[in-house]
Structures are given as C-alpha cells and as structure tokens.
Amino acid sequence: LAVDGMRHERTRVRLQQTLDNSVLAAAARSQALDPESVVRDYFDKAGLSEYLTSVTVEQGLNFRSVFADAEADTRPFFMSLMGIDEFFVNADSAAEEKISNVEVSLVLDISGSMGENNNQRINALRPAAKNFVDTILQSSEEGKASISIIPFATQVNAGSDVMAQYNAPRIPGQDYNSCVEFPESSYGSVALPTSLAMNHNGHFDPFSGDSGLSYTPRKFNCVYTNSTSTSNIDLRSAANQMLPLSGSASAMKAKIDALHVGGNTSVEIGVKWGVAMLDPGTRDVTEALVVAGTVADTFETRPLDYDPQETLKVLVVMSDGANTTEYRLKSAYRTGTSNIWWKSATDVAVYFDRSGRTDDYYYPYSDQWKTTKPSGSTNLTWPNVFKKYTLQAVADNFLYKPSQYLPAKYSSVSNALGAIRESIGTTAKNTRLDQICDAAKASKIVVYSISFQAGDGADDLSDCAT
C-alpha cells in the first residue's frame with residue numbers, strides 16, 4: 001500500500017508543479033504566445049500531456065487569467081489485490097495577472113469621409129467605440145479606469161476648460177471653438193507643457209469654394225458644422241468637443257452618439273491630444289478640470305506616472321484613413337482690426353491707402369473705388385470678417401480684385417489665398433504622426449489602431465500601432 005501511495009503522491013506533485021508553472025507563464029501579460037499553447041507545451045516537455053484535461057483562458061485589455069486541470073490514474077499495483085483497480089490523481093491551478101489602473105484615450109475620426117455612403121463608417125464606429133467603453137469599464141474596478149474621448153477632423157475642439165489651462169490666448173470674440181495649433185516641434189514628445197506657446201485656431205471656412213459676397217460661410221475649419229445657424233454651430237461644436245478623463249459609461253456613449261461628421265482628416269492632432277491625456281505632465285490640467293467640474297475628483301491624480309506594472313496606458317485610434325490638409329490663418333489675419341468696412345453683405349468696402357489718390361475704398365460688389373466708406377458701416381475685426389465671408393470670398397473680393405489696381409498685384413485668387421492662410425500637407429502631417437506614435441510607444445503606451453475601410457491611410461494607421 002505504501003508503494004502505491006508513494007507513486008500516487010509522486011504523480012500528484014509532478015502534475016501540480018507542471019500546472020502551477022505553466023499557468024503562471026501563460027497568464028503573464030508580457031507573454032506573446034497563445035496562453036493555452038504555453039500550458040500544453042509545458043506538459044509536452046514534462047511528458048505529461050496525456051493527463052492534461054482542459055485549459056481555460058480569459059483575457060481583456062488589462063488582465064489575463066488561465067485555469068488548467070489534469071487527471072491521472074496511477075493504476076495501483078498492490079491495492080488491486082483488494083479490488084481497487086483505479087487510483088486517480090486530480091489537480092488544478094489558476095493564475096491571473098491584472099493591472100488595476102487603466103487610462104485610455106479613445107481617438108475618433110469624425111472627418112467628412114466618415115459620413116460617406118449614408119454615414120456607413122461613422123455608423124460602424126459608434127457601436128465599436130461604445131462596446132469598447134463597456135469592455136474597459138466592466139473589466140475594471142470602479143474608479144480605476146478613466147477614458148478620454150478625443151474626436152478629430154481637421155482639428156480637435158479641446159473645450160474651453162481644457163484650452164484655458166494652456167498658453168494659447170483665445171482670439172478676442174472667437175468663442176466658437178477651442179482648437180489650438182501645435183508647433184511642429186511638439187510632435188516628438190508625449191508631453192504637452194502648459195507653458196508651450198500655441199495659437200488659438202481661427203474660426204473660418206476654408207472649404208467652401210463660393211466667393212460670393214452673399215454666400216454665408218458654413219464649413220468651418222474647427223468645428224466643421226455645415227450650417228449657417230448660430231444655434232446649430234454652437235450645438236455641433238459642443239457635440240464634437242473633447243471629453244477628458246471620464247468614468248461614466250452613459251456620458252461617453254452620449255458623446256459618441258452625438259458626434260457630427262465633416263471636414264478634413266488630422267490623425268496626428270487627434271493622437272497628440274490623446275497622448276497628452278495619458279502623460280503625467282498633464283496632471284496639473286486635470287486638477288484644474290476637477291475644480292471646474294469637468295472631471296470627477298476620483299481622477300484628480302491622473303494621468304498617473306508611467307509604470308507598466310501599476311498602470312496600463314492605452315491609445316486607441318479609430319479612423320478611415322489618410323491625413324488631408326490642415327489650414328491655419330496667418331498671423332496678420334488671426335486677430336485685430338481689418339481694413340474692411342461693412343454695412344451689409346454686398347454693401348462693403350476694403351480700404352487701401354493709394355498714393356496720390358482720395359478714392360481709397362474699393363467696393364468689390366460693383367468693382368468701383370470711392371472716396372468714402374459705406375454710410376453707417378462698421379470696421380470689422382478679422383474674426384468677424386471670417387464669420388461673414390468664406391476664405392475664398394475674402395481672398396477674391398478683398399485681396400485679389402483690388403490688387404489689380406495696385407502696384408503689388410496678386411497673380412490669382414489662389415495666390416491671394418496663400419497670403420491669408422497656410423496649409424500643412426499630407427507628407428508633413430504623416431511625418432508628425434510617425435513622430436508622436438513613436439514617442440507614445442517609447443513611453444510604453446499601448447497603441448491600437450482600428451481602420452474603417454482605410455484605403456491609402458491603412459499603412460499609416462498600422463505603423464502607429466504597437
């Protein structure tokens with residue numbers, strides 16, 4: 001009987017040790033191999049594969065658990081003389097590796113192409129994003145997971161509370177958006193220092209090709225609203241505003257459902273904001289947002305320090321593809337008083353001090369020069385000019401046409417456009433995207449990219465991912 005007992009115990013110890021070692025290795029989140037295959041490989045090498053009964057694996061973004069059990073019949077030699085022909089060993093083991101603190105930036109493409117084919121892509125993005133929110137919150141302890149939602153098109157509307165924390169002075173009277181212009185040098189780092197000098201992006205329509213004086217701008221750079229109604233512009237601007245560090249599933253789902261599509265694509269700007277919301281250097285911003293009531297005090301100490309053992313930081317980019325042009329107003333046209341005198345859309349004049357002449361007011365509607373401005377007119381600020389006229393209309397009517405009577409002439413409307421705004425093209429934007437994605441991965445931020453019929457932009461999204 002002692003011999004049978006010793007054989008039983010020896011088998012039990014071998015099974016238990018192999019189970020313990022294999023599930024520990026398989027449950028490690030750093031383990032890149034299939035967890036079940038890891039367990040089975042341990043048993044193969046131990047010569048015990050015939051005894052492995054089952055392997056169960058459960059895993060999510062911040063955890064992996066592995067359970068395995070084994071059974072062996074040691075077939076007793078002497079106990080069989082007493083009618084006992086079976087002597088089973090049963091063993092099981094389980095292991096889990098879980099990171100309690102989770103910080104996520106969910107960067108969502110709301111550019112115009114997401115609305116193509118009857119909103120096919122944005123309608124696919126919405127449930128995917130909401131399911132992701134549920135997955136994160138349901139697999140995390142309450143108060144341990146925070147998610148920032150960063151919608152992007154040509155720009156990112158950070159929101160007035162966020163923008164107020166940065167060195168980005170607001171353009172006087174420009175309350176329609178809180179978009180900032182990142183310096184090119186900022187993309188090489190995950191940090192977004194609050195002291196970094198940045199410009200407030202202008203509220204202007206660079207997309208409408210209509211240069212008519214009676215045409216009201218509607219396709220704004222930030223936020224693209226495709227509406228001339230002030231209430232609609234305000235509503236859609238708020239809908240597309242960033243939602244920082246939230247733990248509320250209902251608030252995040254409402255934000256995702258309300259997103260309004262339109263405009264160009266600036267993946268790099270979305271990613272830059274997403275990374276900033278994960279960088280510990282943004283903690284002072286979070287503290288201010290808690291005071292403002294924008295962020296719950298549960299997350300006052302976030303973003304947490306970079307420590308992969310304690311905090312999982314994840315950037316998820318959902319987009320349909322390639323970057324397109326970003327537009328910025330040149331400094332002379334961003335703020336200040338213009339040389340335009342306005343009474344109505346067509347009763348408007350632009351002033352030029354023409355040497356040796358007194359008819360210094362050009363009326364584009366009638367293509368005439370006059371000695372006086374329109375009676376009862378107002379000298380517009382540049383922000384107010386761009387509220388009333390498209391970029392194309394300003395270039396054509398207030399620069400190109402009058403210049404044909406001046407010593408310094410614009411050769412074309414396109415040439416005049418270049419004097420008003422600068423363009424950042426696809427090549428430069430893709431370089432910036434590469435830089436910020438590399439910086440994120442170097443800081444151990446896990447980057448996922450999910451494409452929706454990405455086409456030409458598929459490779460850029462794939463390269464960004466971890």
Side-chain angles (χ1 to χ4, degrees), residues 105 107 111 148 150-172 174 177-204 206 220-223 241-242 244 263-286 288 303 315 317 323-336 382-383 386 391 418-443 445 447 460 464:
S105 282
V107 180
S111 61
S148 297
I150 296 108
F152 72 91
T154 315
Q155 257 285 354
V156 170
N157 189 17
S160 58
D161 287 340
V162 172
M163 181 177 158
Q165 309 312 314
Y166 289 93
N167 183 16
R170 183 171 290 279
I171 295 172
Q174 208 285 70
N177 74 55
S178 296
C179 304
V180 300
E181 298 169 354
F182 293 130
E184 181 180 3
S185 59
S186 68
Y187 286 92
S189 170
V190 293
L192 184 60
T194 54
S195 60
L196 179 67
M198 298 184 289
N199 284 332
H200 182 197
N201 190 244
H203 182 72
F204 61 102
F220 296 101
N221 191 58
C222 183
V223 177
Q241 183 176 302
M242 180 196 306
N264 280 4
T265 306
S266 294
V267 184
E268 82 287 359
I269 297 178
V271 171
K272 177 63 182 177
W273 269 119
V275 170
M277 292 295 105
L278 299 172
D279 182 65
T282 308
R283 200 172 298 153
D284 288 347
V285 174
T286 305
L315 177 78
V317 184
N323 274 321
T324 50
T325 307
E326 176 195 348
Y327 298 105
R328 301 177 176 184
L329 292 174
K330 290 190 174 179
S331 59
Y333 296 91
R334 290 183 61 253
T335 62
W382 281 115
F386 293 112
L391 203 65
I420 300 172
R421 57 103 173 107
E422 61 178 295
S423 304
I424 302 172
T426 300
T427 300
K429 287 161 70 69
N430 287 343
T431 297
R432 297 176 185 190
L433 178 61
D434 289 341
Q435 291 173 338
I436 189 58
C437 290
D438 288 346
K441 289 179 282 191
S443 296
I445 294 173
V447 183
D460 296 312
C464 186

Return yes if some donor-acceptor pair links the side-chain N/O of R432 with the main-chain N/O of I436 below 3.5 Å, else return no.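 Not confirmed, R432 side chain does not pair with I436 backbone.
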
Is a side-chain N or O of H200 found less than 3.5 angstrom from the main chain of R334, in a donor-acceptor match?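 Flag not set: sc H200 to bb R334 has no pair under 3.5 Å.
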
Is the centre of the F152 ring less than 6.0 Å from the centre of the W273 ring?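 They do not qualify: ring centres at least 6.0 Å apart.
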
Set of side-chain hydrogen bond (donor to acceptor under 3.5 Å, both in side chains) partners for [X], sequence neighbours left out:
{"X": "E326", "result": "R328"}
{"X": "S148", "result": "none"}
{"X": "R421", "result": "S423"}
{"X": "S266", "result": "K429"}

Would you give the length of the straight line joining atom [atom1] of [X] to atom [atom2] of [Y], rounded to the nearest 0.5 angstrom?
{"X": "C437", "Y": "N430", "atom1": "SG", "atom2": "CG", "answer": "10.0 Å"}
{"X": "N199", "Y": "S331", "atom1": "CG", "atom2": "OG", "answer": "8.0 Å"}
{"X": "C179", "Y": "I269", "atom1": "SG", "atom2": "CD1", "answer": "8.5 Å"}

Heavy-atom closest contact ([X] atom, [Y] atom, distance):
{"X": "M242", "Y": "I150", "answer": "CG-CG1, 3.8 Å"}
{"X": "G263", "Y": "S111", "answer": "O-CB, 3.5 Å"}
{"X": "Y333", "Y": "F386", "answer": "O-CE1, 3.5 Å"}

Could you check whether D460 and N323, counting side-chain N and O atoms only, form a donor-acceptor pair closer than 3.5 Å?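 Side chains of N323 and D460: no pair found under 3.5 Å.
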
Could you walk me through whether W382 and T335 pass side chain to side chain contact (heavy atoms under 4.5 Å, CB included), step by step? CA-CA 6 Å; W382 281 115; T335 62; over 6 Å; no

Mind checking ring pair (Phe, Tyr, Trp, His ring centres under 6.0 Å) for F220 and listing every partner two or more places apart, or none if nothing turns up?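 Partners of F220 by the ring pair (Phe, Tyr, Trp, His ring centres under 6.0 Å) criterion, ordered by chain and then number, come out as H203.
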
CD/E184: more than 12 non-hydrogen atoms of other groups inside 6.0 Å: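 No, CD of E184 has 12 or fewer neighbouring heavy atoms, counting only those of other groups under 6.0 Å.
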
Enumerate donor-acceptor pairs with a distance under 3.5 Å from any side-chain N or O in residues 275-282 to protein atoms, sequence neighbours excluded.
from : atom 1 : to   : atom 2 : distance (Å)
D279 : OD1    : Y306 : OH     : 2.8
D279 : OD2    : G281 : N      : 3.1
T282 : OG1    : A276 : O      : 2.5
T282 : OG1    : D279 : O      : 3.3

With sequence neighbours excluded, tell me which residues meet side chain to side chain contact (heavy atoms under 4.5 Å, CB included) with A428.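 Result, side chain to side chain contact (heavy atoms under 4.5 Å, CB included) vs A428: I424.
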
Please list, chain by chain and in numerical order, all residues satisfying side chain to side chain contact (heavy atoms under 4.5 Å, CB included) with P151, sequence neighbours excluded.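 Once residues adjacent in sequence are excluded, the partners of P151 under the side chain to side chain contact (heavy atoms under 4.5 Å, CB included) criterion are I110, I149, L259.
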
Not counting sequence neighbours, which residues clear salt bridge (charged side-chain N to carboxylate O under 4.0 Å, His left out) with R283? List them please.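 Here the qualifying residues are D305.
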
One pair to check against side-chain hydrogen bond (donor to acceptor under 3.5 Å, both in side chains): N221 and N201. What are the steps and the verdict? CA-CA 8 Å; N221 191 58; N201 190 244; 2.7 Å; yes

Would you check if T431 and L433 make a side-chain contact, meaning some heavy-atom pair closer than 4.5 Å?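 A side-chain contact is absent here, since even the closest heavy-atom pair is not under 4.5 Å.
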
Show me, pair by pair, the donor-acceptor contacts under 3.5 angstrom made by side chains of residues 185-194, not counting sequence neighbours?
from : atom 1 : to   : atom 2 : distance (Å)
S186 : OG     : P183 : O      : 2.7
S189 : OG     : A191 : N      : 3.0

Sequence neighbours left out, cut at 3.5 Å: what donor-acceptor pairs do the side chains of residues 153-168 make with other protein atoms?
from : atom 1 : to   : atom 2 : distance (Å)
T154 : OG1    : N264 : N      : 2.8
Q155 : NE2    : V180 : O      : 2.9
N157 : OD1    : S178 : N      : 2.7
N157 : ND2    : S237 : O      : 3.0
N157 : ND2    : S237 : OG     : 3.2
D161 : OD2    : T294 : OG1    : 2.6
Q165 : NE2    : D161 : O      : 3.0
N167 : ND2    : S195 : O      : 3.2

